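Values in this document were obtained by computation on a predicted structure and should not be read as measured data.
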Amino acid sequence: ILAQLLAPSKYMRLLELGKLLLVQQKFQEASRAFSSAVKLHPKPVQALCLKAMAELGNGQPEVSMRTISEGLSVNGLHFESLVFYTDQLT
């Protein structure tokens, strides 16, 4: 039972998979992993932030801005999302 309690959630495993795919510049696959994670969390701000990064890497800046805006609507104080959003405006 302790091992189950300490194991990362499916949400966290999908975030880690997506991050690995981002590093490998597999942006479309990363975006899919983050999209799956979004469905698993009531306030998926981290997944939305990372999904926006994958979308930008995939050459979709407008889609990326919509996604990061959605994340900020969930949590307007999420630092990583705020930095990403501000960087995209400049």
Side-chain angles (χ1 to χ4, degrees):
I1 292 180
L2 183 59
Q4 290 175 337
L5 292 173
L6 296 176
S9 67
K10 186 172 184 181
Y11 176 78
M12 292 305 295
R13 289 193 311 268
L14 284 167
L15 291 185
E16 291 305 315
L17 171 63
K19 289 177 188 178
L20 178 64
L21 292 166
L22 275 178
V23 170
Q24 296 172 350
Q25 297 186 4
K26 296 179 180 178
F27 301 117
Q28 195 164 6
E29 293 92 337
S31 184
R32 280 196 295 268
F34 298 133
S35 291
S36 294
V38 165
K39 298 173 190 173
L40 298 175
H41 199 284
K43 295 184 178 184
V45 66
Q46 183 68 30
L48 289 166
C49 179
L50 292 165
K51 182 175 186 263
M53 291 178 190
E55 291 165 344
L56 185 64
N58 204 33
Q60 300 174 297
E62 296 85 13
V63 175
S64 176
M65 284 300 287
R66 282 195 300 272
T67 301
I68 200 65
S69 295
E70 182 182 350
L72 287 169
S73 74
V74 172
N75 180 352
L77 299 176
H78 186 255
F79 182 75
E80 189 176 4
S81 296
L82 286 168
V83 170
F84 182 78
Y85 182 79
T86 304
D87 285 349
Q88 296 316 303
L89 293 177
T90 57

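- For residues 47-75, no residue pair satisfies the ring-ring contact (aromatic ring centres under 6.0 Å, His included) rule, not counting sequence neighbours.
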For residues 32-42, please give each side-chain donor-acceptor pair under 3.5 Å, one per line with the distance, not counting sequence neighbours.
residue : atom : partner : partner atom : Å
Ser35   : OG   : Ser31   : O            : 3.0
Ser36   : OG   : Arg32   : O            : 3.2
His41   : ND1  : Lys43   : N            : 3.0
His41   : ND1  : Lys43   : O            : 3.2

Using a 3.5 Å cut-off and no angle test, enumerate the donor-acceptor pairs between side-chain atoms of residues 83-90 and protein atoms at least two apart in sequence or in another chain.
residue : atom : partner : partner atom : Å
Thr86   : OG1  : Leu82   : O            : 2.8
Thr90   : OG1  : Asp87   : O            : 3.1

Can you list, pair by pair, the side-chain donor-acceptor contacts under 3.5 Å of residues 59-74, counting residues two or more places apart and other chains?
residue : atom : partner : partner atom : Å
Ser64   : OG   : Ala52   : O            : 2.7
Thr67   : OG1  : Glu55   : OE1          : 2.7
Thr67   : OG1  : Glu55   : OE2          : 3.3
Thr67   : OG1  : Val63   : O            : 3.1
Ser69   : OG   : Met65   : O            : 2.8
Ser73   : OG   : Glu70   : O            : 2.6

Enumerate, atom names and distances included, each donor-acceptor pair closer than 3.5 Å involving a side-chain atom of residues 10-29, sequence neighbours excluded.
residue : atom : partner : partner atom : Å
Tyr11   : OH   : Ala47   : N            : 3.3
Arg13   : NH1  : Pro8    : O            : 2.8
Glu16   : OE2  : Lys19   : NZ           : 3.4

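- By the side chain to side chain donor-acceptor pair (under 3.5 Å) test, His78 is found to be paired with Gln46, Ser81, residues two or more places apart in sequence or in another chain being considered.
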